Amino acid sequence: MLDTFRKVTANFYQRSYIKLHNRYQSQPIGIWRKITNNILQVDGTAMNNISSRYCKIWRVNPAEEKLGYKQVPVPIAQEFLKNQLTDIDNLDNVSIQNTLFSYFHADNKNLDVTTRALAGLCLRCYVSESILRECKKVDSMFSGSKQFTYRDLLPFVLNDDGQKLIILDRDGKTQLMVDNCSQTTPELYKFFSMTVLQTFNADSQSRMSLDNWAYLQTKQNPELKNFLSEFGFKHVSDWSLLNRVRTKQLERLLTQHRYIVEAFHAVYRRDRQMQHHKAARKCPDPTNVQLQEMLVYLQKYQVSINTSARLMRELKNIAQEIRKYDIWASKESLDIFDAESGQYQPRRDLLVDSIDEVDVEQREFLEFLQERLYTVMSEVIQQQVEANIKKLHHSSRYAPFADKYIKGLQLYYSQAMSLKEIMPLLGMTSWDQTRRILNPGDLLTSVRAQTVEQMLESILKKAAEKGLTKMPPEAGYLKAVTEQVESYVDEQVFQAAAEEIRTGKNRTMDSLYAQQLRSYIETCTLPATEHLNFATK
């Protein structure tokens, strides 16, 4: 059983080969810098000879029948690195990138366009691997029925052959081609690798790693998203998703969740079908009357949900599970790291069609993790928010703002307002004061810490029940499981939540953490916040 448990956890945590070097820090951003700077690969395997990534580019190659891509050396990039970064083998990855970005963005105003373009070419080579690996990740996540493969995704984002020298215009957006005479002309064909570099904030101290930024931009590429929408992966509302959930997806849910979806269909889908005669389009939120009827429906299955607010949270949690259905359907990586060659090689043991069977014990373990994560995080959010309000009440300086804390979170997470915009609405005098009172980063860090702690406790308890470890567990076992739990909760929830906070303008609060926090805020009926209807001011 111990070997089975290790096999299950090792298979699920393929991405945890790179250990999280820095432990939990009190600074709101410290833990997130740790995550993004250390987890550089989608499968967690460390790069071999990192400097070679800056002078070799991955490009589409239809002649490669099995792969559809190949890695091509870029001699001028290699020569540039040799001349400009003479001690590159002694530099860490971040230092290399900082130097190249300083050239690329012409921090030295006297820098010529060719040098800028060559530095950009090195960075384009680097991100090409991140783009390629994200396409493979999307394939392994969503193509259980093999309706498409990563090869179908590559033309949308891996469209840079490394043959042209490109810089950005002064506006930081327009791509300019540099010719042999160092003259620039607008480049009509837009390279996605340049879009990644253009949008990356290399100067931010709390920035995301370039690899993770490339992963994120690849997932958000409009053309790729439009392609995926043809296969049903378009972003839809929770209610639309639940309304049209398929039988195969329901089979993956826990028994109680299937009952909840059945109640949703019996009430919401019934009313929705009646509304089709009235040309109804967008799926609205369930009304309180509908939720009450669902609660009555669930009583015959002895599902212990007593309030409409709790049912709303459960429905949203189930919608998130359904969104991840195809992720769990195929978790096998399409390639593995070959130690002898130092390269990633296609797996030889996979059939043409994706393996769509999931081991029963592994499935039970994953279900347990998912269910506990949603439950624990929901409870911890409530505990931490209430603790923060209590702390404000006991503060001589900030007690008057304690009753405005919930409203502040609502403005931040529901209306995506910045702290600067929230400041006058809550009657605060400065941005710094608003940050000290609301501090969404501190709240997120506290929720993460408590979630990790409670998840670890639950997993160790379950492992002890199955006879997989003794209590208290040995130090080595505890350390390994702790790292896996941290990796899991960060990947599932907190990495995306931290990235939202980092984003400046035009942020969207769509992470699971933000959704759970909004669900809790909706249940709060603090009398002191009822009069703060700022939307009308």
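Since this is a predicted model, take the numbers as computed values, not measurements.
- Counting only N and O atoms by type, the side chains of Tyr126 and Lys56 include no donor and acceptor under 3.5 Å apart.
- Annotation for Ala319 and Leu241: closest pair O-CD2, 3.4 Å, computed over non-hydrogen atoms.
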Start with the C-alpha gap between Gln84 and Tyr103, add the side-chain angles, then the distance that decides, and say whether side-chain contact (heavy atoms from CB on, under 4.5 Å) holds.
CA-CA 10 Å; Gln84 298 293 332; Tyr103 291 154; 3.5 Å; yes

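- Sequence neighbours left out, not one pair with a member in residues 159-184 passes ring pair (Phe, Tyr, Trp, His ring centres under 6.0 Å).
- No salt bridge links Lys316 with Asp285; every basic N to acidic carboxylate O contact stays at or beyond 4.0 Å.
- Taking the six-membered ring where the residue is Trp, Phe227 and Phe148 present perpendicular rings, their angle passing 60° and hence far from 30°.
- With hydrogens and angles ignored, the 3.5 Å screen pairs no side-chain donor or acceptor of Ser95 with any backbone N or O of Leu91.
- Judged by distance alone, with hydrogens and angles left aside, the side-chain atoms of Asp179 form a donor-acceptor pair with the main-chain N or O of Ser182 at under 3.5 Å.
- Atom OG in Ser378 sits 7.0 Å away from atom CG in Asn317 (nearest 0.5 Å).
- Taking all atoms of both residues into account, the shortest heavy-atom contact from Gly120 to Leu197 is O-CD1, 3.8 Å.
- The side chain to side chain donor-acceptor pair (under 3.5 Å) with Ser511 is formed by just one residue from the set Gln492, Gln495, Glu499, Glu500; it is Glu500.
- A cation-pi geometry, defined here as NZ or CZ lying under 6.0 Å from the six-membered ring centre and within 45° of its normal, does not hold between Arg518 and Tyr413.
- Using a 4.0 Å cut-off between charged side-chain N and carboxylate O, Asp490 and Arg448 make a salt bridge.
- With hydrogens and angles ignored, the 3.5 Å screen pairs no side-chain donor or acceptor of Lys164 with any backbone N or O of Asp161.
- The main-chain N or O of Trp239 is never found under 3.5 Å from a side-chain atom of Asn243 such that the two would form a donor-acceptor pair.
- For the pair Ile260/Phe264, no side-chain contact is recorded, criterion being any heavy-atom separation below 4.5 Å from C-beta on.
- Between Glu314 and His257, the closest side-chain pair of non-hydrogen atoms falls below 4.5 Å.
- Here the shortest heavy-atom pairing between Leu121 and Val74 reads CD2-CG1, 3.7 Å.
- A donor-acceptor pair is defined here as one N or O able to donate and one able to accept, closer than 3.5 Å; no such pair exists between the side chain of Thr115 and the backbone of Leu111.
- Other residues, nucleotides and ligands contribute at most 12 non-hydrogen atoms within 6.0 Å of the NZ atom of Lys173.
- The minimum heavy-atom distance linking Ser193 with Arg124 is given by the pair OG-CG, 3.5 Å.
- Atom CZ of Arg313 is separated from atom OG1 of Thr375 by 10.0 Å, given to the nearest 0.5 angstrom.
- Of the possible polar contacts, one joining the Glu187 side chain to the Tyr189 backbone as a donor-acceptor pair under 3.5 Å is found.
- Put simply, the side chain of Phe192 does not reach to within 4.5 Å of the side chain of Val127, judged on heavy atoms.
- At least one donor-acceptor pair under 3.5 Å links the side chain of Thr199 to the backbone N or O of Thr195.
- For the ring pair (Phe, Tyr, Trp, His ring centres under 6.0 Å) test, residues two or more places apart in sequence or in another chain that qualify with His105 are Phe101.
- Heavy-atom neighbours of Asn83 CG from other residues, nucleotides or ligands within 6.0 Å: above the threshold of 12.
- Here the side chain of Ser519 pairs a donor or acceptor atom with the backbone of Gln515 at under 3.5 angstrom.
- Residue Leu81 comes nearest to Ser51 through the heavy atom pair CD1-O, 4.2 Å, listed as atom of the first residue, atom of the second, then distance.
- Pairing each heavy atom of Leu158 with each of Ser128, the nearest pair is CD1-O, 3.6 Å.
- Taking a 6.0 Å sphere around CD of Gln78, one finds it holds 12 or fewer heavy atoms contributed by other residues, nucleotides or ligands.
- Asn93 and Tyr54 are linked by a side-chain donor-acceptor pair at a separation below 3.5 angstrom, with hydrogens and angles left out of the test.
- Under a 3.5 Å cut-off, the side chain of Asp169 and the backbone N or O of Asp171 do not form any donor-acceptor pair.
- For the residue pair Asn221 and Thr218, no side-chain donor N or O sits within less than 3.5 Å of a side-chain acceptor on the partner.
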